[in-house]
Amino acid sequence: MEDIDFANARRSKNAGAGKVYDFSRIEKKWQKKWEQEKAFVAKEKKGKEKYYVLDMFPYPSGEGLHIGHAFVFSLGDIYARFQRMLGKNVLYPIGYDSLGLPAENAAIAAGTHPEEYTKKSIANFMKQQKAMGWSYDWSRVVKTSDPEYYKWDQWIFLKMLEKGLAYRKKASVNYCSDCDTVLANEQVVGGRCWRHGDTVVEVRPLEQWFFEITKYADELLKGHEKIDWPERAKTLQRNWIGRSEGTEIVFSVGGKGWPVFTTRPDTLMGVTFLVVSAQHPELMGLVTEEQKGAVDKFLKKLNSVSEKDAGSMDKEGVFTGSYAEHPLTGERIPVWTGNFVVAEYGSGMVMAVPAHDQRDYEFAEKYGLEITQVIEGDMGDGAYMGEGKLINSEGFDGLESREAKEHITNALKMKKKGKKTVQYKLRDWLISRQRYWGTPIPIVYCDACGVVPVPEKDLPVVLPKDVTFGKGNPLETSKSFVDVDCPQCGKLGRRETDTMDTFVNSSWYFLRYADPKNGGNLFDSQKAAYWAPVDQYIGGPEHITMHLIYIRFYTKFLRDLGLLDFDEPALKYFTQGIVKGADGEKMSKSRGNVVEPLEMIKMYGADALRLYLVSHSSPDSDFDWDDKAIGSSFTFVRRVYDYFSELKPGKSDVRVESKLHQTIKAVTADVEGFKHNLAVIKLRQLFSFISRGAVDVKTARAFVQLLHVYCPFVTEELWEKLGGKGLVSLSKWPEVDEKKIDQKLEAAEEAGEKTVKDILHVLGFVKEKTGNEAEGVHVYVMPAELKWFDAAVLSERVKVPVSVWSVADKKKVDPEGKSKKAKPGKPGIWVR
RNA sequence: GUGGGUAUGCCGGAGUGGUCAAACGGGACGGACUCAAGAUCCGUUAGCUUAGUGCUUACAGAGGUUCGAAUCCUCUUACCCACACCA
């Protein structure tokens, strides 16, 4: 065969030199070794500082790991390895968020049971996770689909119920007809299902279970002070919780009191109409006979507008025919209904002050409603939204907004027509799902006893196998599950068929890792107290408003049960960026830009993949995958391997030592701060420095240790070759010896680099001018700097023989007097 | 609309007051080694200029602060993310 097999050629070239970087052999070898030696199994050790690193556990899909997983989990692993090498007692566990809709859907599509599907997916995940070299404690794996796990979800539910935090309520809920289930507010994206972007979410009234998370709203806000999270994550949560202080004012309509929330009670005397949400459940109660036709027509029109356009719709409304009574003046105020009032926020009715609220202003203009200015200010082109001195407000005239808020609220309070109050955007957490693959809600409905909780001793309520998948909730098709005796009276009752939102499962899993096999309790409080809270949590920004709020809520609740003595689950949190396809688009199968970690491991090895993932850019920013760039990471790893596996140790000179310690110092800080891109650069620089000259074993080992957090496999191999004791994984992180960092040497190095450049520059000129190749170069340096310059190294760099002279040397050859040009740090140069 | 973020050379991206024509990687180009290489090594990569120099123009745009700005402030523009009329 005449065709050249390049891959083979590369191999054989390596082989000829006797140094093949056979990454797949190396990676398998160390994977096995770590497992055999139980290297990463964590045990509570009194007196040793613990450190808990946690990645958000994955949802095990049948497709296996994607490149995003490879990226985040590598970040966690780097951190865990780092902390371990710093001597901390590290807990770095992994588990599977294995309940959830996708498994159920995929199982239905594939004609299997979700349990089968999940089992296979998890096995596949594990294989890949091990291939990536992530240093998990595999003895603590937690699977949320395991009845021994979700038993405790049910237990917590019962506690919530006991404490009055779990309740049932008929609610207009978001219903996705594709999922055949109800969605939480957080799962509705722009009026559409978060999983089915094409499906418009319907609003249906259903009897649902809720957790009263709003009870903790204030604490969730205050807790931010205690935790070291990115500011934008906190801001996002703050806005999500959306606390606003204001006044609740009761307007009476037809003898019935209608509370209205406002942050601007100072504008009360400027109220000229009220607007009730068009989606308000009690709207029709306000509509008079004469107006019924108009309101119906209006509602019909609203319904015909698709959700998509509803957002950009103009403010519209219609008079209900009713009048409210102003709480202070008793004046008659018309009540309108409008499309711009949010039904679920506050009471679903607002007081309109067109002079001082832009939305109200537009509405009033449109329908010719009265506009009364009550705050001094410029109303040139619309409402004056600022604060200021009150006018046209009877007894309150002359007050500043701030005092007026107090006075008016007090006046209302005296008349029992209002009070100071706080509103949140955060709603209670709707946990009911009409699906199979979730935690069954431990409740029995009994004709005689009503809603009866399943007694603790009967937990877990296990998902039945005899179900039929199809439309609706499969649990309803299991007679053995539904038909159950009432725990109270013993008569036949009916089991709750709703299951819990999967975010329930992930709200306390970090605690279960502390004691994953406990059969008698959620966890052992001692063990939890030892490991928790999480010291460093890592996961995507998409979880900030859902999971990261729920997990904080659960932690506070468990604390209130007396199970924990802390109230924040994660002290530090790091959000990584998104890995996008080479085309800059989000990776997706339909775009065909998906990169498979396994493919990359096959081609370049896990070490190169890991190194590439963190060296591209700062881990908290998004980045586009680049096929070519991973090649350079591979090349680097291979060179490192080639160099150190054949190392003939010599003596490190002082410059290498200085450089090493400088690098240790910088890399330590970079790894600590997740600045891996910068750390990698420094490691590359150190390597090219080292590999130019001689190093001793100690230095070589230190380099290998620094690189280890990024490339765990190849560094284990090299550590062994360099005669390191035990595993690098468990070795002690190199310590900085400040004394060895010599600024003068740094200056020397810099001078050397500059000189190389200068010589090359001059050589270029000479060639240009004379057309001849230079025969040699003389370098004249300051006497004190003589030791900085090595003729052999310079010759090698500039590819022309170089001789180095001290300017003070009487015997120097210097026909053109170039030595006179020499300055400190900048030698004279003569080319012959 | 509100809140948050980003804007750097051919590209990806470092860099948060002077040591910056700006790390590192990719690409391109030139050279070395080679029968040859997609392998390795060494360079160049704003323009003009120069025996290693100097100047000009540069970090989205326009202003400003400062002895001095990619870096701080203001406004504008574009893009990204979240929330979407929260009273």
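Computed from a predicted model, the values in this text were never measured in an experiment. To find a chain, count down the sequence lines: A is the first, B the second, and so on, and within it residues start at 1.
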S.K.: Tell me the interatomic distance from A/Glu245, atom CD, to B/rA87, atom C1', rounded to whole angstroms.
M.R.: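 Atom CD in A/Glu245 sits about 15 Å away from atom C1' in B/rA87.
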S.K.: On a whole-Å scale, what distance lies between the C1' atoms belonging to B/rG12 and B/rA7?
M.R.: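 Roughly 14 Å separates the two C1' atoms.
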S.K.: Are A/Thr247 and A/Thr409 close enough that a side-chain donor and a side-chain acceptor fall under 3.5 Å?
M.R.: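 Indeed, the side chains of A/Thr247 and A/Thr409 share at least one donor-acceptor pair under 3.5 Å.
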S.K.: From the list B/rU40, B/rG52, B/rC24, which nucleotide is the closest neighbour of the side chain of A/Ile681?
M.R.: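 The listed nucleotide nearest to A/Ile681's side chain is B/rC24.
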S.K.: A/Val353 near the nucleic acid: base, sugar-phosphate alone, or nothing, with a heavy-atom cut-off under 4.0 Å?
M.R.: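 No contact.
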S.K.: Side chain of A/Asn339, heavy atoms from C-beta onward: which of B/rG4, B/rA51, B/rC85 has the nearest atom to it?
M.R.: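 In terms of side-chain proximity for A/Asn339, the closest of B/rG4, B/rA51, B/rC85 is B/rC85.
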S.K.: Using purine N1 to pyrimidine N3 plus N6-O4 or O6-N4 for Watson-Crick, or N1-O2 and O6-N3 for G-U wobble, both under 3.5 Å, which nucleotide pairs with B/rU16?
M.R.: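 By the stated definition (distances under 3.5 Å), nothing pairs with B/rU16.
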S.K.: Is there a donor-acceptor contact under 3.5 Å linking the side chains of A/Asp428 and A/Thr214?
M.R.: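 Looking only at side-chain atoms, A/Thr214 and A/Asp428 do form a donor-acceptor pair, the distance falling under 3.5 Å.
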S.K.: Which nucleotide sits closest to the side chain of A/Trp240: B/rC24, B/rA87, B/rC83?
M.R.: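 The listed nucleotide nearest to A/Trp240's side chain is B/rC83.
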S.K.: Could you check how far CG of A/Asp360 sits from P of B/rC86, rounded to whole Å?
M.R.: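 Going from CG in A/Asp360 over to P in B/rC86 covers 10 Å.
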S.K.: Send over the distance from A/Lys682 NZ to B/rA14 P, rounded to a whole Å.
M.R.: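 To the nearest whole Å, that distance equals 13 Å.
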S.K.: Could you please name the option among B/rC86, B/rA82, B/rA14 that lies closest to any side-chain atom of A/Leu236?
M.R.: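 Out of B/rC86, B/rA82, B/rA14, the nucleotide with an atom closest to A/Leu236's side chain is B/rA82.
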S.K.: Whom does B/rA82 pair with, Watson-Crick or G-U wobble, provided both distances fall under 3.5 Å?
M.R.: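 Pairing partner, where one exists within any strand: B/rU2.
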S.K.: Report which part of the nucleic acid A/Val341 touches: base, sugar-phosphate, or nothing (heavy-atom distance under 4.0 Å, all strands).
M.R.: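 Counting heavy atoms under 4.0 Å across all strands, the contact made by A/Val341 includes a base.
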S.K.: Report yes if a side-chain nitrogen or oxygen of A/Thr755 is closer than 4.0 Å to either non-bridging phosphate oxygen (OP1 or OP2) of B/rG52; otherwise report no.
M.R.: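 Looking at the OP1 and OP2 atoms of B/rG52, neither is under 4.0 Å from any side-chain N or O of A/Thr755.
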S.K.: Counting any heavy atom closer than 4.0 Å, what does A/Gly828 reach on the DNA or RNA strands: base, sugar-phosphate only, or nothing?
M.R.: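 Result for A/Gly828 = base.
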S.K.: Say we look at B/rG4 and B/rU53: how far apart would their C1' atoms be, to the nearest angstrom?
M.R.: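 Between the two C1' atoms, the distance is 48 Å.
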S.K.: Whole angstroms only, please: what is the CD-P distance between A/Gln685 and B/rA14?
M.R.: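 Between P of B/rA14 and CD of A/Gln685: 16 Å.
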S.K.: Parallel, tilted or perpendicular: which describes the rings of A/His547 and A/His543, with under 30° parallel and over 60° perpendicular?
M.R.: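 The arrangement is perpendicular - the two ring planes meet at more than 60°.
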S.K.: On the side chain of A/Lys425, is there an atom forming a donor-acceptor pair with the base of B/rC83 - under 3.5 Å, no angle test?
M.R.: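 There is none.
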S.K.: Would one find a side-chain N or O of A/Ser615 under 4.0 angstrom from OP1 or OP2 of B/rG25?
M.R.: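 For B/rG25, neither OP1 nor OP2 has a side-chain N or O of A/Ser615 closer than 4.0 Å.
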S.K.: Checking contacts here: which listed nucleotide (B/rA14, B/rA87, B/rG26) is nearest the side-chain heavy atoms of A/Ser617?
M.R.: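 Selected nucleotide (nearest to the side chain): B/rA14.
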S.K.: Report the C-alpha distance between A/Lys405 and A/Glu245 in whole Å, list the side-chain angles of each, state the deciding distance to 0.1 Å, and finish with yes or no for salt bridge (charged side-chain N to carboxylate O under 4.0 Å, His left out).
M.R.: CA-CA 11 Å; A/Lys405 283 181 185 173; A/Glu245 285 181 24; over 6 Å; no
S.K.: Is A/Pro265 touching bases, backbone alone, or none of the nucleic acid, heavy atoms closer than 4.0 Å?
M.R.: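 Here A/Pro265 touches no strand at all.
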S.K.: Between atom OH in A/Tyr612 and atom C1' in B/rG13, what is the gap in whole Å?
M.R.: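 Result: 11 Å.
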S.K.: When you measure from the side chain of A/Arg684, which nucleotide among B/rA51, B/rA87, B/rG25 comes out closest?
M.R.: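 Given the options B/rA51, B/rA87, B/rG25, the side chain of A/Arg684 is closest to B/rG25.
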S.K.: Rounding to a whole Å, what distance do you find between A/Leu678:CG and B/rA23:C1'?
M.R.: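 Computing the A/Leu678:CG to B/rA23:C1' distance gives 9 Å.
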S.K.: Are more than 12 heavy atoms from other residues, nucleotides or ligands located less than 6.0 Å from atom NZ of A/Lys366?
M.R.: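 Yes, because the 6.0 Å sphere around NZ of A/Lys366 holds more than 12 heavy atoms from other groups.
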S.K.: Rounded to the Å, how far apart are A/Ile630 CD1 and B/rC24 C1'?
M.R.: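 Rounding to the nearest Å, CD1 of A/Ile630 and C1' of B/rC24 are 17 Å apart.
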S.K.: Which nucleotide sits closest to the side chain of A/Ser632: B/rA87, B/rA14, B/rG25?
M.R.: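 Among B/rA87, B/rA14, B/rG25, the one nearest the side chain of A/Ser632 is B/rG25.
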S.K.: Starting the side chain at C-beta, find the nucleotide from B/rG12, B/rG4, B/rG52 nearest to A/His616.
M.R.: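 Of B/rG12, B/rG4, B/rG52, B/rG12 is nearest to the side chain of A/His616.
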S.K.: Check every atom of B/rC86, B/rA39, B/rG13 against the side chain of A/Arg427 and return the nucleotide holding the closest atom.
M.R.: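 So the side chain of A/Arg427 is nearest to B/rC86.
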S.K.: Nearest whole Å is fine: how far is B/rC86 P from A/Asn239 CG?
M.R.: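 Roughly 12 Å, once rounded to whole Å.
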S.K.: From the options B/rG52, B/rA87, B/rA23, select the nucleotide whose nearest atom is closest to the side chain of A/Thr262.
M.R.: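 Output: B/rA87.
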S.K.: OP1 or OP2 of B/rG1 sitting under 4.0 Å from any side-chain N/O of A/Arg359?
M.R.: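 Negative; the distance criterion is not met.
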